[in-house]
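Labels below follow one simple rule: chain letters A, B, ... track the order of the sequence lines, proteins then strands, and each chain is numbered from 1. Both backbone and side-chain heavy atoms feed into the values below; hydrogens, waters and symmetry mates do not. Keep in mind the model is a prediction, meaning the values are calculated, not measured.
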There are 2 protein chains.
Amino acid sequence: MPDPDLAFAAHDHAHCAHDALTRAEAVTAAAGARMTPVRRRVLEILLEEHKALGAYDVLARLATEGFGNQPPVAYRALEFLVEQGLAHRIQRLNAFTACVHPGQDHAPAFLICRTCHTVAEAEATAARASLDAEAARAGFQVERSTIEALGLCPNCRGQA
Amino acid sequence: MPDPDLAFAAHDHAHCAHDALTRAEAVTAAAGARMTPVRRRVLEILLEEHKALGAYDVLARLATEGFGNQPPVAYRALEFLVEQGLAHRIQRLNAFTACVHPGQDHAPAFLICRTCHTVAEAEATAARASLDAEAARAGFQVERSTIEALGLCPNCRGQA
DNA sequence: CTATGTATGTAATATCATAACACGTCAAGA
DNA sequence: TCTTGACGTGTTATGATATTACATACATAG
Ligand SMILES: [Zn+2]
Ligand SMILES: [Zn+2]
Ligand SMILES: [Zn+2]
Ligand SMILES: [Zn+2]
């Protein structure tokens, strides 16, 4: 049950981020995976804003904090988070964003504002169902799908 | 009106490709754009198969045929084709595929087989409508959207 | 404590993409 | 006719994104 406008609305983001982090710990524990310092820190960095960060942006942050400064350090942590469903990859941006409601099984669509670069997770059940149905008509079995929209968020729309 | 299983079905592909090329000429003429040798050749290369090719794959082909062998040569031609609606960019693959029905206004979904790498264009009107509606609920105005599915095509499914 | 699997660090390299500039062609318009 | 400007192409150089391979450290189970 994603709240589609969470990222665009004013909200208590400290609580929002802290809550996501808490859930993330629970998710990894339940999966028997290890939430190590690098991984936790990467998730925290992604959670700072409802935006997507490139692997090298994350890496630069890590490097200043005493972690390794080579690309695999960032890519491995990001890959782990994505596998655990704690972060998502935004294909259009070659970048990553923290999941705002980890632990719940979901496959969202992403709304990317071309002006302020905010990224929101929206419910995509209906769109996915349409896509799966259309694919099935061709005999194609969908395993994973990417649904991303580029446009103007409510805030930036108001200013235009 | 894309035929969603065209790419997966046995068909007279020579005719399929030739037809797309003919339409492409008409599209560019109508737009007052120039279908130059490099651009035409790139489109022909993309039309050889219902797959996506990376810019450097295209470039390698061009280079052996006496065209320039530097990346901008390929990227510029590909960008032109995408702008004219004669090719599509597949975000998941960082690659390009020829449009199978140029000239018609369309914004398809792509079905990408993870085994044989065939890429099919499927109708995405319903999925896009769902996405736009969900975005609108958040006050987000969609300008462009990317819908791509990864999975198994009918042929590869049969073999599994 | 020691073996095993897992995580991290690092060097090197591969892959994807763009900026900047030079040159050639062609078609207005002076 | 000559000039000019738009456009396309070629090339150099660089930037941005991502992976392979190998070494080291660390946790935990036996
Ligand atoms: Zn928040
Ligand atoms: Zn915005
Ligand atoms: Zn065909
Ligand atoms: Zn296939």
Nucleotide C/dA19, atom C1' - distance to CD of B/E79 in whole Å: 13 Å
Spacing between A/M35 atom CE and C/dT6 atom P, to the nearest angstrom: 18 Å
B/D57 CG to C/dT15 P, straight-line distance once rounded to whole Å: 10 Å
A/D57/A/R61 salt bridge by N-O under 4.0 Å criterion: no
A/L59 CG - C/dT8 P separation (whole Å): 14 Å
Nearest-nucleotide pick for B/P71, side chain only, options being D/dA13, C/dG9, C/dA7: D/dA13
N/O (side chain, B/N94) to phosphate O (OP1/OP2, C/dT15) under 4.0 Å: no
Salt bridge flag under 4.0 Å for residues A/R137 and A/E134: yes
For atom OH of B/Y75 and atom C1' of D/dA16, their distance in whole Å: 11 Å
Salt-bridge contact A/E44-A/R41 (side-chain N to carboxylate O under 4.0 Å): yes
Proximity to the side chain of A/R34 - top-ranked nucleotide from D/dT9, D/dA21, C/dA7: C/dA7
Atom pair distance, as rounded to whole Å: CG in B/L53 and P in C/dC16: 11 Å
Closest to side chain of B/F67, choosing from C/dT18, D/dG10, C/dG9: D/dG10
Pair A/R23 + A/D19, salt bridge at N-O below 4.0 Å: yes
side-chain N/O B/R39 vs D/dT9 OP1/OP2, d < 4.0 Å: yes
Among D/dT12, C/dT18, C/dT6, the one nearest B/Q70 by side-chain distance: D/dT12
Under-4.0 Å side-chain N/O to phosphate OP1/OP2 contact, A/R76 with C/dT6: no
For atom CG of B/N69 and atom C1' of D/dA13, their distance in whole Å: 14 Å
Near-parallel close stack of A/Y56 and D/dT17 base (under 5.5 Å, under 30°): yes
